[in-house]
Amino acid sequence: MRVPAKVNLALCVGAADDAGYHELGTVFQALSLCDELVVEPASAGVFRVAFRGEGAAFLPTDDTNLAIRAARLLAHHAGVEDAGCLIVVRKRIPVAGGMAGGSADAAAVLVACNELWGRPATSSELRELAAELGADVPFLLTGGTAIGTGRGDIIEPLETQGTYHWTLALSHTGLSTPAVFREFDRTAEPSKPIIPQALLDALAVGDVAGVGRNLVNDLSDAAISLQPTLSSTLQIGLDAGALGAVVSGSGPTCAFLSDSEESASLVSEALAVFSGVRAVRNACGPVAGAGEDHGSR
Ligand code: C5P
């Protein structure tokens, strides 16, 4: 099955709670840049994951891996006797890129294992387990375009118009999400996270230029302070005609919005020759999440 990456069209960050988690007001969009997973049965108690493709070598494959934790959590929660599985993931979502690749794989494993084991959990139970695994995991089940509140794990799907063409500029090195939040805490004055109404209005009518103008990420300065070259990356994409540019999540991937494939190609060409960019990908959104339509993919 395929599971999409996400970009945050708005990432408004408030204060941290006692556990260190920040209150968020975010708008997610699921993109056609997908990891591909195959999940097969294994003997009781055997839970294994293997990664192929870009960045695979950097990922842990022991019990700390979020995909394994997802399978074990579902087995435990649903009381599946003799549960076990072998998971193979072909990575296309950049590792440590701010596009929720690990969370996407966990969402896909929840859905795939639930199928494998005869659907012991309902959709709403899967959503609860997803939130236990991480703040981004519930959105990756839902996909589309959605508002996330709380830790980003309370999801409200948004009706939007239009197709959004994205160019994604991948960095040479990743950023750790906790490190970016720590930098935010050190440097920013958090206020109540409020998603710009102009962004929601533009999404509702498919005004791609309006969406581009209103992209916002409160973690952007923190990510740029940890990887200063990102500010040049953002400027190069804008100079090449992008309607908007934003650091994706906690970065370092930068996302550029266009209203057509042709404009997105021009943005890609400009970014591809910049030494601060490791690789460029094109994707469009919104697309379905792991919990939607998975039978046909
Ligand atoms: O939930 P997840 O494990 O994906 O979060 C990774 C890290 O991101 C957390 O450990 C925390 O440092 C940070 N985070 C946060 N506030 C949120 C979501 C994530 O501070 N709402």
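All ligand and atom numbering here is 1-based and tracks the order in the structure. For the single chain, residues carry numbers from 1 onward in sequence order.
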Result block: side-chain N/O donor-acceptor pairs under 3.5 angstrom for residues 234-247, not counting sequence neighbours:
from	atom 1	to	atom 2	distance (Å)
Gln235	NE2	Asp239	OD1	2.9

Return yes when atom CD of Gln197 has more than 12 non-hydrogen atoms of other residues, nucleotides or ligands closer than 6.0 Å, and no otherwise.
yes
For residues 173-184, which residue pairs qualify under side-chain hydrogen bond (donor to acceptor under 3.5 Å, both in side chains), counting only residues two or more places apart or in two chains?
Thr173-Gln227, Thr177-Ser250, Glu183-Arg186, Glu183-Ser225
Assign the ring pair Trp117 / Phe47 to parallel, tilted or perpendicular, where the plane angle (0 to 90°) is split at 30° and 60°.
perpendicular
Report, as yes or no, whether the 6.0 Å neighbourhood of atom NE2 on His76 holds more than 12 heavy atoms from other residues, nucleotides or ligands.
no
Ring pair (Phe, Tyr, Trp, His ring centres under 6.0 Å) against Phe51, all qualifying residues, sequence neighbours excluded:
none
Given a heavy-atom cut-off of 4.0 Å, could you list the residues near ligand 1 in chain and number order?
Gly20, Tyr21, His22, Leu24, Gly134, Ala135, Arg151, Thr177, Pro178, Phe181
